[in-house]
Undergrad: 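Got a structure here, written out as structure tokens. Questions coming.
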Amino acid sequence: MKHSLSLIALLGAFPYVAQAAATLDEVVVTATRTEQAAQDALAAVTVITRQDIEQRQAQSLADVLRGVPGLTLTNNGGRGKATSVFLRGSNADHVLVLVDGIKIGSATSGLAAFQDIPLAQIERIEIVRGPRASLYGSDAIGGVIQIFTRKSHGAPVASASFTAGSYATYDSDAGVNGGGERGWYSARLSQQNSKGFNACRGSTTAGCYVVEPDRDGYHNTALGLGGGYRLAGGATADLQFLRADSNVQTDGSSSAGNQSRNKQQVLGGTLAWQPLQDWNASLRAGRANDDGDIYHDGTYISRYNTTRDTLSWQNDIAFDARQLATLGFDYQNDRIDALPKVTTPSNVYTRTARRNQAVYAQYQGDFGAHSLQLNARHDDNQQFGGHATGGLGYGYRVDESLRWMASYGTAFKAPTFNQLYYPGFGSATLRPELSRSLEVGLSAQSATRRWSLNVYRTDITDLIGYDATYTPINIDTARLTGVEAQYHLALEQLELGATLTWQDPKQTSGNNQGKLLNRRAQQAMRLEVARTFGDYRVASALYAEGARYDDLANSASKRLGGYALLDMRVEYRLAKAWQVKARVDNLLDKKYETAQYFNQPGRAVYFTLAYQP
């Protein structure tokens with residue numbers, strides 16, 4: 001209640017005097033693997049732009065994602081530490097993550113390294129909630145997060161920024177982009193440095209299994225390159241490259257390590273052409289690397305490296321201006337290189353490669369006030385064989401601003417290399433996790449405001465659990481239900497935003513039947529207000545989450561209390577291209593945990609100087 005009163009007082013301090021209305025821009029998204037306006041998508045979609053990132057003065061990708069409807073996070077001790085994203089109450093490895101259309105993530109753990117993806121390299125983020133396996137294949141039970149790196153057309157433009165603040169934080173980035181009628185290019189170098197704080201409050205029986213009261217720092221250097229060219233006949237070719245090298249210190253035992261040196265790298269290229277007037281084709285190929293070397297006090301312990309090669313051929317055929325068919329083929333090959341310091345026949349993976357091939361089809365049609373979307377896909381996996389998924393979406397536009405939609409979709413999650421082949425742990429007989437989802441939504445949009453309300457239910461079968469010997473087996477089922485609401489008002493001098501999530505991700509079988517899935521809060525909300533005063537912009541955000549449990553049994557000793565964080569931001573335009581910014585995070589210095597025993601940052605202050613013509 002104290003935090004809510006603080007926000008109300010803040011709102012009262014910003015009286016609104018309207019002069020003119022600003023337009024809420026129509027945003028193009030890729031919820032269907034084709035371009036469309038966000039307001040036309042038959043799915044729950046959130047788009048985060050470069051402007052949003054800069055105005056929030058975010059320090060990490062987790063900062064930006066916090067508050068997205070249906071999304072909750074956990075973090076193991078601050079910046080650069082393991083960060084997990086849960087969409088609609090599904091597991092952290094039930095989220096498909098793409099960078100410029102290239103699938104990323106670790107084939108061993110099944111997780112994407114959100115903590116190592118540098119914000120300075122990101123142009124926009126699209127979050128599509130709900131199953132998308134019928135378009136993208138495995139992992140998309142909870143949804144898809146696609147990250148687009150920075151690129152530009154037009155005259156050459158250089159930009160740079162420098163940030164300094166609490167925990168001995170020093171961040172910098174500089175880049176240039178531009179182009180002409182035929183070609184375009186971009187290049188950006190960024191660095192993140194922080195001495196951090198003590199990541200784990202210490203326990204020899206849980207958490208990090210060690211007591212190490214020290215500061216656990218983080219360093220990340222990233223390079224992003226991109227370019228493209230318009231060929232004769234209208235075809236286009238582009239290439240994108242992103243590499244982030246990080247060094248993170250953690251608390252851990254000699255077997256687990258207390259330092260890791262990581263590399264996230266994505267290389268992708270796309271060739272797009274038009275064989276016929278109503279037929280657009282594209283060919284995309286890419287390689288994603290997720291590499292990690294683990295050390296303890298400078299001594300090498302092990303490595304976990306993943307190489308993922310992908311190839312996609314897509315064909316979009318328009319029957320007319322309101323009907324579009326999509327046919328495509330996807331290929332994926334995962335390889336791992338995971339070795340301890342000393343190898344024996346009993347501590348190496350029995351298989352180190354796996355491939356997947358798939359064909360998919362989609363139909364999109366608009367018939368007056370009615371919209372229809374049909375999806376079908378068949379995956380052929382080297383390890384578990386064939387699997388089919390499908391989806392159906394329907395929308396009805398009540399009037400120019402109000403629309404409701406309903407959708408149904410199936411999805412699956414292929415077991416990871418760790419679950420299948422980890423030495424002394426994996427089980428090669430595991431089946432894929434399967435899901436069925438139903439969703440109903442209502443949304444409205446006008447020149448100055450938009451809102452949406454979505455209700456969903458997802459049933460998961462063959463959920464991978466563990467037997468008495470902690471061997472992974474298909475034993476569990478779960479039912480995920482929830483409600484998501486969001487509201488956004490954009491006027492010339494005032495901007496208001498609110499999101500609300502209520503979810504009930506429960507286990508429906510096994511010893512823990514009726515209990516919540518671990519590390520997922522049932523309630524989350526974000527309130528944000530921003531006010532412009534000439535060259536000044538002042539903003540504040542209140543983010544809150546309910547309680548959660550750190551274990552599947554929902555033990556009282558594993559209950560993590562709810563929390564609320566109040567942030568304040570201000571920016572001032574010194575000149576046309578220069579801005580100075582200041583941000584206070586966790587203004588009330590709230591102590592909280594999203595994973596038991598792992599500390600989170602207290603009150604922190606950051607200052608930024610930015611040059612952006």
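One-based numbering along the sequence shown. Only heavy atoms go into these numbers, but all of them, side chains included; no hydrogens, no water, no symmetry mates.
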Undergrad: Decide whether D551 and N518 meet the rule of one side-chain donor and one side-chain acceptor closer than 3.5 Å.
TA: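 Side chains of D551 and N518: no pair found under 3.5 Å.
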Undergrad: Less than 4.0 Å between a side-chain N and a carboxylate O, is that true for R308 and D290?
TA: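 Here D290 does not pair with R308 in a salt bridge, since their nearest N and O are not under 4.0 Å apart.
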Undergrad: To the nearest 0.5 Å, what is the distance between CG (L453) and CG (L442)?
TA: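 Here the rounded value is 6.5 Å.
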Undergrad: Using atom types as modelled and distance alone, determine if a side-chain donor or acceptor of R450 lies under 3.5 Å from a backbone N or O of S443.
TA: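 Not at all, since once roles are kept as given, no pair shorter than 3.5 Å links the two residues.
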Undergrad: Answer with yes or no whether the side chains of N262 and Q264 bring together a donor and an acceptor at under 3.5 Å.
TA: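 No, no side-chain donor-acceptor contact under 3.5 Å.
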Undergrad: May I ask you to check whether Y543 and N586 show a side-chain donor-acceptor distance below 3.5 Å?
TA: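 Judged by distance alone, the side chains do not pair up.
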Undergrad: For N599, is there any backbone N or O sitting under 3.5 Å from a side-chain donor or acceptor partner on K591?
TA: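 It does not hold such a pair.
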Undergrad: Is there a donor-acceptor contact under 3.5 Å linking the side chains of S190 and Q121?
TA: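 Yes.
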Undergrad: Report yes if the side chains of V99 and F148 come closer than 4.5 Å at any heavy-atom pair, otherwise no.
TA: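 Contact flag for V99/F148 side chains = no.
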Undergrad: Is there side-chain contact between Q419 and I464, with heavy atoms separated by less than 4.5 Å?
TA: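 Yes, their side chains come closer than 4.5 Å.
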Undergrad: Would you compute the distance between atom OG1 of T481 and atom CG of L438 and round it to the nearest 0.5 angstrom?
TA: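 Taking OG1 in T481 and CG in L438, the distance rounds to 12.0 Å.
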Undergrad: Rounded to the nearest 0.5 Å, what's the gap from OG1 on T448 to CG on L494? Could you check?
TA: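 Between T448 OG1 and L494 CG, I get 11.0 Å after rounding to 0.5 Å.
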Undergrad: Under 3.5 Å, side chain of S509 to main-chain N/O of T477, donor-acceptor pair present?
TA: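 Yes, S509 side chain to T477 backbone: donor-acceptor pair under 3.5 Å.
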Undergrad: Is the cationic atom of R88 (NZ for Lys, CZ for Arg) positioned less than 6.0 Å from the six-membered ring centroid of Y456 and within 45 degrees of its normal?
TA: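 R88 over Y456 ring: yes.
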Undergrad: Do R520 and Q503 have side-chain N/O donor and acceptor atoms under 3.5 Å apart?
TA: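 Looking only at side-chain atoms, Q503 and R520 do not form any donor-acceptor pair under 3.5 Å.
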Undergrad: Scan T508, T458, D459 and name whichever one has a side-chain hydrogen bond (donor to acceptor under 3.5 Å, both in side chains) with R479.
TA: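 The passing option is D459.
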Undergrad: Evaluate side-chain hydrogen bond (donor to acceptor under 3.5 Å, both in side chains) for S371 paired with D366, printing each intermediate quantity in order.
TA: CA-CA 4 Å; S371 300; D366 288 330; 2.9 Å; yes
Undergrad: Look up atom OG in S134 and atom OH in Y408, then write down how far apart they are to the nearest 0.5 Å.
TA: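 Reported to 0.5 Å precision, the distance equals 11.0 Å.
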Undergrad: Does the pair R519/D550 count as a salt bridge with the N-to-O cut at 4.0 Å?
TA: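 Yes, R519 and D550 are salt-bridged.
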Undergrad: Tell me if a side-chain donor or acceptor on Q507 pairs with a main-chain N or O of L516 at a distance below 3.5 Å.
TA: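 Yes.
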Undergrad: For the pair R66 and D567, find out whether any cationic side-chain nitrogen is under 4.0 Å from an anionic carboxylate oxygen.
TA: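 Here R66 does not pair with D567 in a salt bridge, since their nearest N and O are not under 4.0 Å apart.
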Undergrad: Under the salt bridge (Lys or Arg N to Asp or Glu O under 4.0 Å) rule, what do D139 and R132 come out as? Steps first, then yes or no, please.
TA: CA-CA 9 Å; D139 301 356; R132 282 295 175 270; over 6 Å; no
Undergrad: Measure from the side-chain N and O atoms of N220 to the backbone N and O of D116, and report whether any donor-acceptor pair falls under 3.5 Å.
TA: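 Looks like yes, one N/O pair under 3.5 Å.
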Undergrad: Between the side chains of E484 and R129, is the shortest nitrogen-to-carboxylate-oxygen separation below 4.0 Å, so that they form an ion pair?
TA: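 So R129 pairs with E484 through a salt bridge.
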Undergrad: Can you find a side-chain donor-acceptor pair between T34 and D316 that sits under 3.5 Å?
TA: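 No, no side-chain donor-acceptor pair sits under 3.5 Å.
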Undergrad: Considering only heavy atoms from C-beta outward, does the side chain of I53 approach that of I48 to under 4.5 Å?
TA: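 Touching, per the 4.5 Å side-chain cut-off.
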Undergrad: Working to the nearest 0.5 Å, report the span between CZ of F86 and CG of L480.
TA: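 Atom-to-atom, F86:CZ and L480:CG are 12.0 Å apart.
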Undergrad: Quick check: do E571 and R583 have side-chain heavy atoms less than 4.5 Å from each other?
TA: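 E571 vs R583: side chains apart.
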Undergrad: Under the 3.5 angstrom rule, does the side chain of T501 hit a backbone N or O of Q523 as a donor-acceptor pair?
TA: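 Not a single qualifying donor-acceptor pair exists.
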Undergrad: Ion pair present between R457 and D504, side-chain N to carboxylate O less than 4.0 angstrom?
TA: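 The answer is no: the pair does not qualify as a salt bridge.
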Undergrad: Could you tell me whether the side chain of I125 reaches within less than 4.5 Å of the side chain of L61, counting heavy atoms only?
TA: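 The answer is yes; the side chains approach within 4.5 Å.
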Undergrad: When you measure from the side chain of T83 to the backbone of K81, do you find a donor-acceptor pair of N or O atoms at a distance under 3.5 Å?
TA: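 Looks like yes, one N/O pair under 3.5 Å.
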Undergrad: What I want to check is whether the side chains of R33 and Y136 have a donor and an acceptor closer together than 3.5 Å.
TA: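 Not at all, the side chains of R33 and Y136 share no donor-acceptor pair under 3.5 Å.
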Undergrad: Quick one, S401 with D399, criterion side-chain hydrogen bond (donor to acceptor under 3.5 Å, both in side chains). Give me CA distance, side-chain angles, the key distance, then yes/no.
TA: CA-CA 6 Å; S401 63; D399 53 37; 3.2 Å; yes
Undergrad: Between the side chain of N75 and the main-chain N/O of T594, is any donor-acceptor distance below 3.5 Å?
TA: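 Answer holds: no.
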Undergrad: Does the pair E126/R124 count as a salt bridge with the N-to-O cut at 4.0 Å?
TA: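 Salt bridge flag = yes for R124 with E126.
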Undergrad: Can you tell me if Q486 and S452 form a side-chain donor-acceptor pair at under 3.5 Å?
TA: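 Present: a donor and an acceptor within the cut-off.
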Undergrad: So, using side chain to side chain donor-acceptor pair (under 3.5 Å) as the criterion, who are the partners of D93 when residues are at least two apart?
TA: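 Expected list: none.
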Undergrad: Should the pair E528-R526 be classified as a salt bridge under the 4.0 Å nitrogen-to-oxygen rule?
TA: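 Judged by the 4.0 Å cut-off on N to carboxylate O distance, E528 and R526 do form a salt bridge.
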Undergrad: Using a 3.5 Å distance criterion without hydrogens, assess whether the side chain of T499 forms a donor-acceptor pair with backbone atoms of G67.
TA: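 Confirmed, T499 side chain pairs with G67 backbone.
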Undergrad: Just checking, any donor-acceptor pair under 3.5 angstrom between side chains of Q362 and Q373?
TA: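 Judged by distance alone, the side chains do pair up.
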Undergrad: Less than 4.5 Å apart, any side-chain heavy atom of L372 and any of L392?
TA: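 When only atoms from C-beta onward are counted, L392 and L372 do touch, with a gap below 4.5 Å.
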Undergrad: Heavy-atom count around N511 CG within 6.0 Å, excluding the residue itself: above 12?
TA: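 It does not: N511 CG has 12 such atoms or fewer within range.
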Undergrad: Do the non-hydrogen side-chain atoms of V483 and N454 ever get within less than 4.5 Å of each other?
TA: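 Of all side-chain heavy-atom pairs linking N454 with V483, none is under 4.5 Å.
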Undergrad: Less than 4.0 Å between a side-chain N and a carboxylate O, is that true for R449 and E495?
TA: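 Looking at R449 together with E495, the answer is no, because their closest N to O distance does not fall below 4.0 Å.
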Undergrad: If you round to the nearest 0.5 Å, how far is SG of C200 from OH of Y597?
TA: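 Going from the OH atom of Y597 to the SG atom of C200 covers 9.0 Å.
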Undergrad: Is it true that a side-chain atom of T416 and a backbone atom of T108 form a donor plus acceptor pair closer than 3.5 Å?
TA: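 The answer is yes, because a donor-acceptor pair under 3.5 Å joins these two groups.
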Undergrad: Regarding R377 and D379, does a basic nitrogen lie under 4.0 Å from an acidic carboxylate oxygen?
TA: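 Salt bridge flag = yes for D379 with R377.
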Undergrad: Among side-chain atoms of S312 and D330, is any donor-acceptor pair under 3.5 angstrom?
TA: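 Note: S312 and D330 side chains meet the donor-acceptor criterion.
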Undergrad: Just by distance, with hydrogens left out, do K558 and Q596 show a side-chain donor and acceptor under 3.5 Å apart?
TA: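 Yes - a donor-acceptor pair under 3.5 Å links their side chains.
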